[in-house]
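Here the structure comes first, spelled out in structure tokens, and everything after it is commentary.
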Amino acid sequence: VDVRQKKALPVAELRKLLYEDPQSERLRHTQAIAALMFQFCGMSFADLAHLEKSALDRNVLRYNRVKTKTPISVEVLDTAKEMIHRLRNSQPSRPDCPDYLFDILSGDKKRKDEGAYREYQSALRRFNNCLKDLARALRLNSPVTSYTLRHSWATNAKYQGIPIEMILSLIHI
């Protein structure tokens, strides 16, 4: 791995990725997920995919990070509300299964089930492939993954003057 390789997108490419119309409903869906990850302080794909409906309380998302179990609270800005509504999972919950906020995971498997982990891994691969398609459709030069979205948020936050300690506490890359 080349440690000199930039992990964050240049600002112009980030702006295109999040706001330019890709002219495809499938890619708009991917773009909305990417925009939510960015707006939610560089939220990881794992955290977004595993958010449950109960995590959303009016204008605040409260959840525990999947990787570290750290409790996080994030304000939901008006710009995110329409995207949340559009991506919201409308399936009824199943007994003893998670009631996911978004339709990224099916919610038909128990949390610790081996099949649930395989489903997440498949969803992550699918999302990263869709991000590559989105980047290609928008003619971006930089590689785009869920990981580069997180680094892009952290880099942007740093340039906005947010203390490094606060960025690290939110992102835990």
Side-chain angles (χ1 to χ4, degrees), residues 1 5-9 13-14 16-19 22 24-56 61-77 79-89 91 97-109 111-138 140 142-157 167-173:
V1 175
Q5 180 181 347
K6 298 246 186 266
K7 294 175 183 82
L9 296 172
E13 289 197 351
L14 180 62
K16 276 178 94 170
L17 180 78
L18 299 178
Y19 301 112
S24 153
E25 195 51 45
R26 179 180 73 90
L27 295 180
R28 281 187 201 108
H29 184 266
T30 300
Q31 186 179 49
I33 293 171
L36 283 178
M37 289 172 61
F38 191 83
Q39 285 191 35
F40 294 154
C41 300
M43 181 183 280
S44 73
F45 181 76
D47 290 343
L48 189 81
H50 289 95
L51 280 177
E52 294 193 38
K53 292 175 183 170
S54 61
L56 184 60
L61 264 178
R62 289 182 177 83
Y63 66 99
N64 292 326
R65 294 251 1 253
V66 170
K67 185 176 176 182
T68 63
K69 307 296 184 241
T70 306
I72 303 282
S73 293
V74 178
E75 182 181 2
V76 177
L77 303 175
T79 52
K81 289 177 184 173
E82 188 274 325
M83 285 184 274
I84 291 171
H85 180 71
R86 189 165 40 118
L87 297 173
R88 193 175 183 99
N89 175 12
Q91 299 297 315
C97 292
D99 190 13
Y100 293 125
L101 180 59
F102 301 116
D103 64 356
I104 297 168
L105 302 174
S106 66
D108 64 349
K109 297 167 188 66
R111 274 183 210 296
K112 303 295 179 191
D113 186 12
E114 178 67 29
Y117 182 71
R118 280 196 306 274
E119 180 187 21
Y120 163 72
Q121 289 294 318
S122 177
L124 176 61
R125 268 191 307 280
R126 205 169 35 254
F127 178 65
N128 280 323
N129 284 331
C130 286
L131 280 174
K132 287 177 186 157
D133 293 344
L134 178 60
R136 208 172 6 262
L138 297 174
L140 303 184
S142 304
V144 181
T145 65
S146 59
Y147 191 68
T148 58
L149 282 172
R150 289 172 55 71
H151 273 279
S152 297
W153 179 84
T155 301
N156 190 17
I167 295 169
L168 290 174
S169 72
L170 288 169
I171 201 155
H172 281 293
I173 296 177

Next item on the list: Carefully, step by step, assess Lys53 and Arg88 under the rule side chain to side chain contact (heavy atoms under 4.5 Å, CB included).
Entry: CA-CA 9 Å; Lys53 292 175 183 170; Arg88 193 175 183 99; 4.1 Å; yes
Item checked: Derivation of the side chain to side chain contact (heavy atoms under 4.5 Å, CB included) call for Leu27 and Leu138 -> CA-CA 10 Å; Leu27 295 180; Leu138 297 174; over 6 Å; no
Note to self: For Gln91 and Asp103: C-alpha separation, side-chain torsions, deciding distance, then whether side chain to side chain contact (heavy atoms under 4.5 Å, CB included) applies.
What the structure shows: CA-CA 8 Å; Gln91 299 297 315; Asp103 64 356; over 6 Å; no
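Annotation: side chain to side chain contact (heavy atoms under 4.5 Å, CB included) contacts of Ser54 (sequence neighbours excluded): Glu52. Shown here are the side chain to side chain contact (heavy atoms under 4.5 Å, CB included) partners of Ala35, two or more places apart in sequence or in another chain: Leu18, Met83. When the salt bridge (charged side-chain N to carboxylate O under 4.0 Å, His left out) test is applied to Glu119, the partners found at least two apart in sequence or on another chain are Lys109. Residues passing the side chain to side chain donor-acceptor pair (under 3.5 Å) test with Ser24: none are found, sequence neighbours excluded. Partners of Phe127 according to the ring-ring contact (aromatic ring centres under 6.0 Å, His included) rule, which considers only residues two or more places apart in sequence or in another chain, are Phe45. The side chain to side chain donor-acceptor pair (under 3.5 Å) check on Thr155 picks up nothing, with sequence neighbours excluded. With sequence neighbours excluded, the residues forming a side chain to side chain donor-acceptor pair (under 3.5 Å) with Ser122 are Arg126, listed by chain and number. Annotation: side chain to side chain contact (heavy atoms under 4.5 Å, CB included) contacts of Glu82 (sequence neighbours excluded): Arg86. In this view, Lys132 satisfies the salt bridge (charged side-chain N to carboxylate O under 4.0 Å, His left out) rule with no residue, not counting sequence neighbours. By the salt bridge (charged side-chain N to carboxylate O under 4.0 Å, His left out) test, Asp133 is found to be paired with Arg26, Arg136, residues two or more places apart in sequence or in another chain being considered. Every residue two or more places apart in sequence or in another chain was checked for a side chain to side chain donor-acceptor pair (under 3.5 Å) with Arg62, and none qualifies.
In this structure, the separation between CG on Leu17 and OG1 on Thr148 is 8.0 Å, given to the nearest 0.5 Å. Atom CE in Met43 sits 4.5 Å away from atom CG in Leu51 (nearest 0.5 Å). For the atom pair CG of Leu105 and CG of Asn89, the computed distance is 9.5 Å after rounding to the nearest 0.5 Å. To the nearest 0.5 Å, atoms CG (Leu140) and CD (Glu13) are separated by 5.0 Å. Within the model, atoms CD1 of Ile72 and CG of Asn64 stand 8.5 Å from one another, a figure rounded to the nearest 0.5 Å. Taking OH of Tyr100 as the reference point, atom CG of Leu48 lies at 12.0 Å (rounded to 0.5 Å).
A side chain to side chain donor-acceptor pair (under 3.5 Å) check over residues 27-43, counting only residues at least two apart or in different chains, returns the pairs Asp21-Arg28, Glu25-Arg28, Gln39-Thr79.
Looking at heavy atoms from C-beta onward, Met37 lies out of side-chain contact with Trp153 at the 4.5 angstrom threshold. Ile84 is listed as a side-chain neighbour of Phe102, based on a closest heavy-atom distance under 4.5 Å.
The nearest pair of heavy atoms linking Phe40 to Ala80 is CE2-CB, 4.2 Å. Of all non-hydrogen atoms in Ser146 and Asn128, the two that sit nearest each other are N-OD1, 2.8 Å. In this structure, Tyr63 and Ala55 approach most closely via the heavy-atom pair CB-CB, 4.5 Å.
No side-chain donor-acceptor contact under 3.5 Å links Lys67 to the backbone of Ala46. Between the side chain of Asn129 and the main chain of Arg125, a donor-acceptor pair closer than 3.5 Å is present. Using modelled atom types, one side-chain atom of Ser152 and one backbone atom of Leu9 make a donor-acceptor pair closer than 3.5 Å.
Note: Tyr147 and His151 have perpendicular aromatic rings, judged against thresholds of 30 and 60 degrees for the angle between ring planes.
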